[in-house]
Amino acid sequence: MSDIITVTLPDGSQKQTARGTTIADFVRESIGPGLAKAALFARVNGQDMDLARKLDEDVKLQIFTPKSPESLELIRHDAAHVVASAVQKLFPGTQVTIGPATEEGFYYDFFREKPFTPEDLEKIEAEANAELKRDMAFVRTEISMDEAVRLFEEKGEKFKVEIVKDIAAKGAKTLTLYTHGDWVDFCLGPHAPSTGKIGIIKILSSSGAYWRGDHRNPMLQRVYGTAFFDKKQLAEYLTRIEESKKRDHRKLGKELDLFHFHPYSPGSAFWTPKGTTLYTTLSNWMRQLTQNDGYVEIKTPLMFNKGLWETSGHWGKYKENMFLVLDSESGEHDFSLKPMNCPSHHLFYGFKKHSYRDLPLRYHTQDVLHRNEAAGSLGGLTRVRQFAQDDAHIYCTEAQITDEVRRFVKLLDHVYKAVGLTYAVKLSTRPEQRLGDDSLWDRAEGGLKAALESLGLEYELAPGDGAFYGPKIDFAVSDSIGRRWQLGTMQLDYLAPERFDLTYVGEDNAEHRPVVLHRAIFGSFERFTAILIEHFAGAFPAWLAPIQAVLVTVADRQNDYARKVRDSLRAKGYRVEFDERGLSMNAKIREAQLQKVPFTLVVGDNEVSGEGVSPRRYGGEDLKTMKVTDFEALLAKEAALP
RNA sequence: GCCCUGAUAGCUCAGUUGGCAGAGCGCAUCCUUGGUAAGGAUGAGGUCACCAGUUCAAUCCUGGUUCAGGGCUCCA
């Protein structure tokens, strides 16, 4: 065996070095001191590791610096360690548990009697940043599992001992420790060379969290924070948080007067006239789109006897989420408000005997649904107790799956594009525990894949994430400020047809089971409305805006004319208001801008004599004076449902 | 459901170390009739979330309840 090894860099170039050279030394000697200084961690043959590790064989090597996106995740994990050491220094007796990096930062869960106060968090932030200044090296060592158990038992870290024992039970022989200063934790790594590489740590908040995420376990105190390489990046991040607070749908819901909540009906919205317009516009839009796409709309009862839920399987574990209704004659709570439409659609399907010629059958329903969500999980319009879904169930033969999925994805694509949401597709396939044999899953997954591929859609595969009764496709949208929301779904269901004994008569005159496709594009109207409010920051396109245009007169003598224009536009179906309050023109224009109305129509003597209006778009663009009929033509274009 | 934090005018918020409650916006009335983001004056509007307790006195202190917000669990 030679004492020289070959290192292959990402650009394909190769360098020789002595066996046993550390990555840090190799980088400094063979690549350059600049990179050596900036380097944070390395990827060796696809595995991430510290720069202090030695190169023992021919490898492919990639070095990460603060410029690589992966590095933020690294320093946030580093920061979690630093925060944990700071907390234990400031609050002796606090036990440590785990602290991973998250998408935007990190958290660390501590066990202690008292929760952290805002002042505590300030102290933690100050101490953590002081530890960065001290620039302590992260030192990696390996010890045996027995030594590890002893180490953490001596420290009195019960939670750490529990994790170490779990890891040992999985067959690990050694444990990796990372030490900075005098604080030690076990960790797979890698870590940056030293704490000084983390630019700045910001503590964001604290909250309760269950040990190992199980609500039967003790409550821990979770500290949330984030880390960046410099102050500027942190400032940008904090600005982005501020931006998303500004467009919070709960805030805009008040400012734009769209909806209210009342303690007498927690989790159920009151929709104002403007909010109702928004809601019904979405509802009618979806109604029109589904009708044009071969769906039929039906309505089913809001309340059902438990018999239905026993058949569907919801009367067991799901029962606690249902609002039960007392039957005063029997004295029993054996009715429930429906929490979803599916079972009632299956009943509806069963009213008639179906031929293969009827399929696919597509039932669309926008009925009101109720789910008794846990009080602590309610929030704005995104999680409510009363809502409606843009729900539909498609009953088809297995051979029709691909066509139906294609048809659905095209519709979904149209809807998301119309509102400017981009989306990512995820296909979830057979889980361990599942219904049916492998050939059934081959056909089901194959049908979904074929549809996605024929549309040329990229998708992520999530093996094992499907429901036990069928695979599914999820659609996650990204809004205008880059936040992701899980919205659309296409779920195949092989179980419901069995439970409800659904059949159709085939060409062969024999009875067959159809497949059920559960699908939604908005998810729920409430949640979709919330997402759109935040996505548009309340400035809706004209077709969706509750008020499409506001008339503002220069002086009162134009009021009669303004009323006439308002009435003629309303007669054509447009949502137009005339602000008759005794305010100045400027104040009314300002108000219309704050209310984010797409068009403000200024009317003075010139407009009266010329049968015109002077529209100004939201944002300030002056469209100059035009005939009322020309403005109508403009509205006709922009206010049409996409 | 669990942990934490809150709740004062329609909205945004200030305030009282326990002694009859404040601003701006909005609303009403009047004056002003102004050409693209706030013209002016006057006025109305409160069970300080709710229920108990402590106190001569509670919006303020204590306990409970409800709701909201940030998380956890769960989820459209």
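Side-chain atoms are counted along with the backbone in the values below, which use heavy atoms only and exclude waters and symmetry mates. Remember, it's a predicted structure, so these values are computed and weren't measured experimentally. Chain naming here is simple, since letters A, B, ... match the order of the sequence lines and numbering starts at 1 in each.
- Taking atom C1' on both nucleotides, B/G22 is separated from B/A44 by 16 Å, rounded to a whole Å.
- The one candidate from A/Tyr108, A/Tyr107, A/Phe116 that meets the ring pair (Phe, Tyr, Trp, His ring centres under 6.0 Å) condition with A/Tyr224 is A/Tyr107.
- Contact check on A/Asp413 versus A/Lys410 returns no salt bridge, with no Lys/Arg side-chain nitrogen under 4.0 Å from an Asp/Glu carboxylate oxygen.
- Residue contacts for A/Ser614: at a heavy-atom cut-off of 4.0 Å it reaches a base atom on one of the strands shown.
- At a cut-off of 3.5 Å, with distance as the only test, a side-chain donor of A/Gln88 or A/Glu157 sits close to an acceptor on the other residue.
- Under the 3.5 Å distance criterion, with hydrogens and angles disregarded, a donor-acceptor pair is assigned to the side chains of A/Gln558 and A/Asp605.
- Rounded to whole Å, the separation between the C1' atoms of B/U12 and B/C31 comes to 29 Å.
- Checked against B/A76, B/G35, B/G39, the side chain of A/Asn586 finds its nearest nucleotide in B/G39.
- A sub-4.0 Å separation between OP1 or OP2 of B/G70 and a side-chain N or O of A/Arg250 is present.
- Between the P atoms of B/C20 and B/A57, the separation comes to 15 Å (whole Å).
- Side-chain to base pairing of A/Asp556 with B/U33: one donor and one acceptor N or O lie within less than 3.5 Å of each other.
- Side-chain atoms of A/Gln386 and A/His370 form a donor-acceptor pair, as typed in the model, at a separation below 3.5 Å.
- Close to B/G39, at under 4.0 Å from its OP1 or OP2, lies a side-chain N or O of A/Ser584.
- Under the 6.0 Å distance and 45° angle rule, A/Arg519 does not count as a cation-pi partner of A/Phe408.
- Remark: ring of A/Phe261 does not overlap the six-membered base ring of B/A68 in a stacked fashion, as centroids less than 5.5 Å apart with planes less than 30° apart are not both met.
- Checking A/Asp479 against A/Trp485 by side-chain atom types alone, a donor-acceptor pair falls below 3.5 Å.
- Distance from the side chain of A/Arg581 is smallest to B/C27 among B/G71, B/C74, B/C27.
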Contact pattern, 5' to 3', of nucleotides 1-6 of chain B - B, S or - by protein heavy atom under 4.0 Å: BBBS--
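- Annotation: of the two residues near RNA chain B, A/Tyr264 and A/Phe387, the 5′-most nearest-nucleotide partner is A/Tyr264.
- A donor and an acceptor atom sit less than 3.5 Å apart, one in the side chain of A/Glu373 and one in the base of B/A76.
- Looking at heavy-atom distances under 4.0 Å, A/Gly620 makes no contact with the nucleic acid at all.
- Between the side chains of A/Thr97 and A/Arg212, not a single donor N or O lies within less than 3.5 Å of an accepting N or O.
- Using a 4.0 Å heavy-atom distance criterion, A/Asp214 is classed as making no nucleic acid contact.
- Between B/A37 and A/Lys588, no contact under 4.0 Å exists linking OP1 or OP2 to a side-chain N or O.
- Using a 4.0 Å heavy-atom distance criterion, A/Arg371 is classed as a base contact.
- Judged as a ring-ring contact (aromatic ring centres under 6.0 Å, His included), the pairs with a partner in residues 584-614 of chain A (not counting sequence neighbours) are, in order, A/Phe599-A/Phe631.
- Here B/G35 is the nucleotide among B/G70, B/G35, B/G39 with the atom lying nearest to any side-chain atom of A/Val602.
- At a cut-off of 3.5 angstrom, counting only N and O atoms as typed in the model, there is a donor on one side and an acceptor on the other between the side-chain of A/Arg590 and the base of B/A38.
- For A/Arg222 against B/C72, no side-chain N or O and base N or O form a donor-acceptor pair under 3.5 Å.
- Taking the C1' atom of each, B/G19 and B/C2 are spaced 41 Å apart, rounded to whole Å.
- The shortest distance between the side-chain N/O atoms of A/Arg527 and the OP1/OP2 oxygens of B/C75 is not below 4.0 Å.
- The side chain of A/Tyr224 has B/C72 as its nearest neighbour among B/C72, B/A68, B/U12.
- Across all strands, A/Glu320 comes closer than 4.0 Å to no nucleic acid atom at all (heavy-atom distances).
- Rounded to a whole angstrom, the distance from the P atom of B/G15 to that of B/C61 is 14 Å.
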